[in-house]
2 protein chains.
Amino acid sequence: MSLRYALIALLTGRPMTGYDISKSFSRSVAHVWHAPDSQIYPELNRMERDGLLDSVEVPWGKRGTKKEYHVTEAGLAAFREWMESPLVPQRQRDPVYLKAAYFDFADPEAVREQLRQQQAYWEEQLALLEQTRATLVDRSHPTLAARISKLNEREAELAVRYKIYAYDGLIARARTELEWIKDGFALIDELYGP
Amino acid sequence: MSLRYALIALLTGRPMTGYDISKSFSRSVAHVWHAPDSQIYPELNRMERDGLLDSVEVPWGKRGTKKEYHVTEAGLAAFREWMESPLVPQRQRDPVYLKAAYFDFADPEAVREQLRQQQAYWEEQLALLEQTRATLVDRSHPTLAARISKLNEREAELAVRYKIYAYDGLIARARTELEWIKDGFALIDELYGP
DNA sequence: CTGGACATGTAATATGTTACATGATTGC
DNA sequence: GCAATCATGTAACATATTACATGTCCAG
């Protein structure tokens with residue numbers, strides 16, 4: 001059910017179409033949440049049906065229209081309620097750690113290759129996260145900028161600081177993963193020779 | 001589809017019933033993988049149908065029987081193939097970071113309370129992980145012990161070291177989460193006063 | 001006038017959760 | 001004999017993935 005709240009969170013910044021949201025979910029916001037089109041559009045419809053969102057038909061070009069969604073009072077209330085409700089701890093289900101625990105079933109070269117892939121992935125993530133963090137610090141991040149334009153300085157400060165805080169967590173996590181991967185290379189070298 | 005491989009991984013140690021597996025998934029192995037009964041039993045049946053597992057009816061008490069599953073050659077081959085195949089990077093979908101990015105929508109006391117809960121959760125996890133790690137180091141961990149009893153010293157060393165490596169990753173992750181939570185308390189104190 | 005971005009979905013499948021259901025065995 | 005544990009599921013629902021389908025608009 002968190003998809004709902006991720007959608008509301010995004011829409012608190014500015015009204016958006018399903019397409020806008022979809023793009024956000026595969027670009028900068030993707031670090032915090034991701035969902036494919038096929039999940040977004042039906043969920044937006046359900047949320048409108050449930051009164052959490054309102055939509056306005058906006059002209060698009062000559063004949064086309066698009067639906068811009070914005071959060072209703074009920075939606076905002078539901079979001080606040082979720083924000084204040086306790087978090088159910090996530091259950092562990094991460095294939096990476098499962099694999100690592102059984103690396104002895106794989107060829108050491110195959111293991112090295114997988115570690116390299118993971119390393120490349122996390123290095124790229126880390127770079128993106130730090131880049132995005134910088135746009136939060138200077139307040140140029142588009143979604144954030146849209147949101148804080150409607151707030152006073154104190155409120156804006158809070159919004160910005162918490163977003164930076166979230167990114168600091170993601171960055172720390174990425175660094176931890178990279179450290180662990182580095183240890184993995186060292187372990188294989190030790191067990192099989194370089 | 002990783003559930004399949006998690007099940008095979010467990011069964012490489014020793015033959016088990018669905019119930020045994022279910023218990024493992026909610027005790028020590030839960031750090032690496034978790035699944036409820038209702039997912040385990042049907043999946044075991046499907047895996048037997050697909051030839052990855054074999055089952056033997058074992059007497060249990062006077063009239064009862066239970067099904068002990070063991071991995072077939074085909075199952076082991078499938079496991080090795082999965083172990084050597086590249087990992088598709090996980091997409092981010094973590095409600096904790098989503099919430100953190102929007103903490104300004106919640107009352108600071110509610111935020112503190114959630115941080116306290118997260119802290120308690122991760123501290124408990126960390127303790128369990130370190131405890132389990134110790135049973136890997138001295139080779140008293142039941143699943144591991146069953147597995148290495150069938151291996152020579154070199155193979156046992158590999159199996160043990162990789163499992164410790166996986167737990168080191170989980171422990172590092174838990175510590176990183178705890179650090180981040182600590183920063184969260186500091187941030188709220190700074191923004192609202194202690 | 002064409003390709004890429006914009007826009008909105010459906011369908012089928014896979015995976016995961018919650019609740020319910022049932023019975024045997026073992027230890028006290 | 002009674003409670004806790006062992007044992008094995010089904011059913012309904014919720015969520016997520018993959019593949020497909022269709023059409024508009026805008027820039028070059």
Side-chain angles (χ1 to χ4, degrees), chain A residues 1-7 10-11 15-27 30 32-50 53 55-69 82 87-95 98 142, chain B residues 1-7 10-11 15-27 30 32-50 53 55-69 82 87-95 98 142:
Chain A
M1 259 301 112
S2 296
L3 172 60
R4 295 210 147 186
Y5 303 109
L7 291 170
L10 251 187
L11 291 171
M16 283 182 172
T17 67
Y19 187 82
D20 292 333
I21 291 170
S22 173
K23 288 303 120 178
S24 293
F25 273 0
S26 44
R27 287 172 194 156
V32 185
W33 206 267
H34 170 270
D37 299 12
S38 61
Q39 214 188 345
I40 294 168
Y41 289 108
E43 186 63 28
L44 287 172
N45 283 325
R46 278 191 292 272
M47 289 169 75
E48 188 175 11
R49 185 201 62 199
D50 296 349
L53 302 179
S55 69
V56 191
E57 292 271 341
V58 172
W60 172 55
K62 289 182 197 37
R63 286 176 300 285
T65 59
K66 56 183 184 176
K67 266 165 96 178
E68 250 176 13
Y69 289 93
W82 177 73
L87 265 166
V88 279
Q90 296 283 104
R91 316 229 211 198
Q92 206 56 252
R93 204 176 288 121
D94 190 334
L98 174 60
Chain B
M1 259 301 110
S2 296
L3 173 60
R4 293 209 148 188
Y5 303 109
L7 291 170
L10 251 186
L11 291 170
M16 283 181 171
T17 66
Y19 188 82
D20 293 333
I21 291 171
S22 173
K23 289 303 120 177
S24 294
F25 273 180
S26 45
R27 285 171 196 158
V32 184
W33 206 266
H34 171 269
D37 300 11
S38 61
Q39 214 187 345
I40 294 168
Y41 288 108
E43 186 62 27
L44 287 172
N45 284 325
R46 277 192 293 272
M47 288 169 76
E48 187 176 14
R49 187 201 60 199
D50 296 349
L53 303 179
S55 69
V56 191
E57 291 271 341
V58 171
W60 171 55
K62 290 183 196 38
R63 287 175 300 287
T65 58
K66 55 183 183 177
K67 266 164 97 178
E68 249 177 14
Y69 289 94
W82 178 73
L87 265 165
V88 281
Q90 295 282 102
R91 316 229 211 197
Q92 205 56 252
R93 203 176 288 120
D94 190 335
L98 174 60

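Just so we're on the same page: letters track the sequence lines, and every chain starts at 1. What you are looking at is a predicted structure, and each value in this text was computed from that prediction instead of being measured. Because only heavy atoms are used, hydrogens play no part in the values below, and waters and symmetry mates are left out as well, while side chains stay in.
- Nucleic acid contact class of R46(B) (heavy atoms, under 4.0 Å, all strands): none.
- When rounded to the nearest whole Å, the span between CZ of R63(A) and P of dG23(D) equals 13 Å.
- The salt bridge (charged side-chain N to carboxylate O under 4.0 Å, His left out) test applied to D37(A) returns no partner, not counting sequence neighbours.
- Here the C1' atom of nucleotide dC6(C) and the CD atom of E57(A) are 15 Å apart, to the nearest Å.
- P36(B) is listed as a side-chain neighbour of H34(B), based on a closest heavy-atom distance under 4.5 Å.
- Straight-line distance from the CG atom of L7(B) to the P atom of dT15(C): 12 Å, rounded to whole Å.
- In this structure, E43(B) atom CD and dT13(C) atom P are separated by 17 Å, rounded to whole Å.
- Annotation: side chain of L53(B) is not in contact with side chain of L7(B) (no heavy-atom distance under 4.5 Å).
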Using a cut-off of 4.0 Å between protein heavy atoms and nucleotide atoms, how would you tag nucleotides 5-11 of chain D 5' to 3' with B, S and -?
SBBBBBB
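- When rounded to the nearest whole Å, the span between CZ of R4(B) and P of dG16(C) equals 12 Å.
- Straight-line distance from the NE2 atom of H34(A) to the P atom of dA16(D): 11 Å, rounded to whole Å.
- Partners of Y41(A) according to the ring pair (Phe, Tyr, Trp, His ring centres under 6.0 Å) rule, which considers only residues two or more places apart in sequence or in another chain, do not exist here.
- For the side-chain hydrogen bond (donor to acceptor under 3.5 Å, both in side chains) with S55(B), the lone residue among K67(B), E68(B), E48(B) that qualifies is E48(B).
- OP1 or OP2 of dT17(D) lies within a sub-4.0 Å distance of a side-chain N or O belonging to R93(B).
- If you measure from atom CE of M1(A) to atom P of dA16(D), you get 8 Å, rounded to the nearest angstrom.
- Atom NZ of K62(A) is separated from atom P of dC6(C) by 18 Å (rounded to the nearest Å).
- With contacts defined as side-chain heavy-atom distances shorter than 4.5 Å, the pair W33(A)/S24(A) does not qualify.
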